[in-house]
Amino acid sequence: MNFTSTVKGSLLDGFYPMGWDMEKIDKCCDMGVKREDFWHKDFCPVECESLSDFDVYMGHEIALQIKTSKDKGEKIAMILPVGPMGMYKWASYFLNEWNVCCDHVYTFNMDEWSDSEGNTLDSNDPASFEYSMKKAFFDKLGDNTVPCNQRNFATKENLPTYPEKIAALKKQGAKLVLVFGIGRMCHIAFWEPQFGEEFDTVDDWKKQCYRIGAKLHPLTIEQNAITSFKSRTTLVPCRANTIGPGLFLQADYIIGGADGLFNRGMQWQGMSFLMTLHYGPDKSVTSSFIPTMPGKLFYLKDLAGPLNAECN
């Protein structure tokens, strides 16, 4: 008996994206972190022994990219997530220790909770991503912080300006760095896997720069209920404004994080992490394109498996 044979006729029939090959996913879960032929030559998974190591390593990588661009006299554009978050404490610590002023940094938050019209939470609402970024990163930088007019948040008015702003920065020689986490449904930002069904070709899918009021998958909502709302599903918005592959696939360098700890309710990230590494580029698995880009993906060692049943 296997999962695929039991789905038909069950409540899960039609629940997962139509493009997902469950047998292929099952094989991914046994493959660890061995390299694949489709990986970019400069893509590297980095194992972390503990969550504290993960936060330091990832924070150092973010800070180093900012410092290196400063030393070169260049601008840097960064697409930033609100999750994972622990690395921002360390990124700000290193930048302040090195006395690096971030006046050359331009940030683009990748997503924000919204309603169906794209209206977002007030920036002073603790649940908003803008509020979280200010508290976790910008405020901690003190006098070295990113200028307010160089911070971009995914409101329905501002998100459509991202493509033009990023293109202008790249034209000026700025490096585009994508910082990201991997979602339960293998999303990057809130670009959900079911969106792939809307496009006939991968090329059409890759052209999508953003979406206003995007419908979130039920498992994405439950993931966030567990990780951000103390299990209270009723507080989690069902939509979000989000960047798409037309922006994040432009990145010159990526800094990713899979911080799932099996003892803190994030067992789901094991499968998502291994799908990212081994599924192969597919518009129904957004994160499957990550290994085709240069950079580092930091992960907690338990996520590499084996992912087997156990009795607790």
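These figures come from a predicted structure and were not determined experimentally.
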Item to check | Test applied, side chain to side chain contact (heavy atoms under 4.5 Å, CB included); reference residue, Phe94; option that passes from Val100, Val56, Ile66 | outcome: Val56

Checklist entry - In Å, rounded to the nearest 0.5 Å, how long is the span from CD of Glu74 to CD of Gln172? => result 12.0 Å

Next on the checklist: Let's go through Phe15 and Trp20 carefully: what are the C-alpha distance in whole Å and the side-chain angles of both, what is the deciding distance for ring pair (Phe, Tyr, Trp, His ring centres under 6.0 Å) to 0.1 Å, and is it a yes or a no?
Outcome noted: CA-CA 11 Å; Phe15 180 76; Trp20 277 23; 9.7 Å; no

Checklist entry - Is the backbone of Ile182 close enough, under 3.5 Å, to the side chain of Gln269 for a donor and an acceptor to pair up by distance? => result yes

Next on the checklist: Determine whether a donor-acceptor pair (N or O, by modelled atom type, separation under 3.5 Å) exists between the side chain of Gln250 and the backbone of Gly246.
Outcome noted: yes

Checklist entry - Any side-chain heavy-atom pair from Ser114 and Arg211 closer than 4.5 angstrom? => result no

Next on the checklist: Taking the side chain as everything from C-beta on, heavy atoms only, tell me whether Val177 gets closer than 4.5 Å to Ile62.
Outcome noted: no

Checklist outcome for this item: One should read off an interatomic distance between Gln65 CD and Ile76 CD1, to the nearest 0.5 angstrom, of 5.5 Å

Item to check | Donor-acceptor pair between Asn158 and Thr155 side chains, under 3.5 angstrom | outcome: no

Checklist entry - Is atom OH of Tyr93 surrounded by more than 12 heavy atoms (other residues, nucleotides or ligands) closer than 6.0 Å? => result no

Checklist entry - Do Val202 and Phe289 pass the side chain to side chain contact (heavy atoms under 4.5 Å, CB included) test, and can you show the C-alpha distance, the side-chain angles, and the key distance before you say yes or no? => result CA-CA 11 Å; Val202 173; Phe289 288 84; 3.9 Å; yes

Checklist outcome for this item: d(Asp26 CG, Asp21 CG) to nearest 0.5 Å is 10.0 Å

Table please: side-chain donor-acceptor pairs of residues 230-240 below 3.5 Å, with sequence neighbours left out.
| from | atom 1 | to | atom 2 | distance (Å) |
| --- | --- | --- | --- | --- |
| Thr233 | OG1 | Glu222 | OE2 | 2.7 |
| Arg239 | NH1 | Gly213 | O | 2.9 |

Checklist entry - Is the side chain of Asp204 donor-acceptor paired with the backbone N or O of Phe199 at a distance under 3.5 Å, no angle test? => result no

Taking distance alone, no hydrogens or angles, what donor-acceptor pairs closer than 3.5 Å link side-chain atoms of residues 137-144 to residues at least two apart or in another chain?
| from | atom 1 | to | atom 2 | distance (Å) |
| --- | --- | --- | --- | --- |
| Lys140 | NZ | Lys135 | O | 3.1 |
| Asn144 | ND2 | Asn96 | OD1 | 3.1 |

Item to check | Near-ring test Trp90/Phe54, centroid separation under 6.0 angstrom | outcome: no

Checklist entry - Would you say Tyr210's side chain and Thr161's backbone share a donor-acceptor pair under 3.5 angstrom? => result no

Checklist entry - Would Asp259 and Met87 satisfy side chain to side chain contact (heavy atoms under 4.5 Å, CB included), going step by step from the backbone distance to the final call? => result CA-CA 11 Å; Asp259 61 340; Met87 72 280 192; over 6 Å; no

Item to check | Flag side-chain contact, heavy atom, 4.5 Å: Ser69 against Lys175 | outcome: no

Checklist entry - In terms of heavy-atom contacts, does CD of Glu198 have more than 12 from other residues, nucleotides or ligands at under 6.0 Å? => result yes

Next on the checklist: side chain to side chain contact (heavy atoms under 4.5 Å, CB included), that's the test. Do Gln208 and Lys283 meet it? Break it down for me.
Outcome noted: CA-CA 12 Å; Gln208 309 307 307; Lys283 60 186 174 66; over 6 Å; no

Next on the checklist: So which atom in Val82 and which in Ser132 form the shortest heavy-atom distance, rounded to 0.1 Å?
Outcome noted: CG1-CB, 3.8 Å

Checklist entry - Which heavy atom of Ala63 sits nearest a heavy atom of Ala91, and at what distance? => result CB-O, 3.7 Å

Checklist entry - Above 12 or not: heavy atoms from other molecules or residues under 6.0 Å from CD of Glu164? => result no

Checklist entry - Just one of Leu247, Ile79, Leu80 clears the side chain to side chain contact (heavy atoms under 4.5 Å, CB included) bar with Leu178, so which one? => result Ile79

Item to check | Verdict with reasoning, Cys48 to Tyr57, per side chain to side chain contact (heavy atoms under 4.5 Å, CB included) | outcome: CA-CA 8 Å; Cys48 302; Tyr57 296 167; 3.6 Å; yes

Checklist entry - In terms of hydrophobic clustering (I, L, V, M, F, W, Y; side-chain heavy atoms under 4.5 Å; direct or indirect links), are Leu297 and Met31 co-clustered? => result no

Checklist entry - So, Asn241 side chain and Gly118 main chain: donor-acceptor pair closer than 3.5 Å or not? => result yes

Checklist entry - If you take all heavy atoms of Pro17 and Met185, which pair is closest and at what distance? => result CD-CE, 3.7 Å

Checklist entry - Parallel, tilted or perpendicular: which fits the ring planes of Trp205 and Phe248, with parallel below 30° and perpendicular above 60°? => result perpendicular

Checklist outcome for this item: Taking every heavy atom of Ala189 against every heavy atom of Met110, the minimum-distance pair comes out as CA-SD, 3.4 Å

Item to check | Side-chain touch Lys296/Tyr253, heavy atoms, less than 4.5 angstrom | outcome: yes

Checklist entry - Quick one: does Met78's side chain get under 4.5 Å of Tyr106's, heavy atoms only? => result no

Checklist entry - Is it true that a side-chain atom of Trp98 and a backbone atom of Leu64 form a donor plus acceptor pair closer than 3.5 Å? => result no

Checklist entry - Is Asn152 reaching over with its side chain to a backbone N or O of Thr107, donor-acceptor style, under 3.5 angstrom? => result yes

Item to check | Sole candidate of Lys134, Arg151, Gln150 that passes side-chain hydrogen bond (donor to acceptor under 3.5 Å, both in side chains) when paired with Thr145 | outcome: Arg151

Next on the checklist: Count I, L, V, M, F, W, Y as connected when their side-chain heavy atoms are under 4.5 Å apart, and connections chain through other members. Are Tyr131 and Phe229 then in the same cluster?
Outcome noted: no

Checklist entry - Minimum heavy-atom separation for Ile254 to Ile290, with atom names? => result CD1-O, 3.5 Å

Checklist outcome for this item: CD of Glu36 to OG of Ser288, rounded to nearest 0.5 Å, is 11.5 Å

Checklist entry - For the atom pair NZ (Lys156) and OG1 (Thr120), what is the distance rounded to the nearest 0.5 Å? => result 8.5 Å

Item to check | Separation of Asp282 CG from Met275 CE (nearest 0.5 Å) | outcome: 9.0 Å

Checklist entry - Got Ile25 and Tyr279 here, is their nearest side-chain heavy-atom distance under 4.5 Å? => result yes

Checklist entry - Is there a side-chain contact between Gln194 and Met18, using heavy atoms and a 4.5 Å cut-off? => result no

Checklist entry - Got a donor-acceptor contact below 3.5 angstrom from the Asn119 side chain to the Asp115 backbone? => result no

Item to check | Shortest non-hydrogen separation from Phe129 to Asp111 and the atoms involved | outcome: CD1-O, 3.1 Å

Next on the checklist: If you define the side chain from C-beta out and look only at heavy atoms, does anything of Met293 sit under 4.5 Å from His40?
Outcome noted: no

Next on the checklist: Using a 3.5 Å distance criterion without hydrogens, assess whether the side chain of His278 forms a donor-acceptor pair with backbone atoms of Phe273.
Outcome noted: no

Checklist entry - Any donor-acceptor pair under 3.5 Å linking the side chain of Thr286 with the backbone of Ile188? => result no

Checklist entry - Hey, is Lys207 close enough to Asp203 for a salt bridge, meaning N to O under 4.0 Å? => result no

Checklist entry - Is the shortest distance from a Lys or Arg side-chain nitrogen in Lys170 or Asp252 to a carboxylate oxygen in the other one below 4.0 Å? => result yes

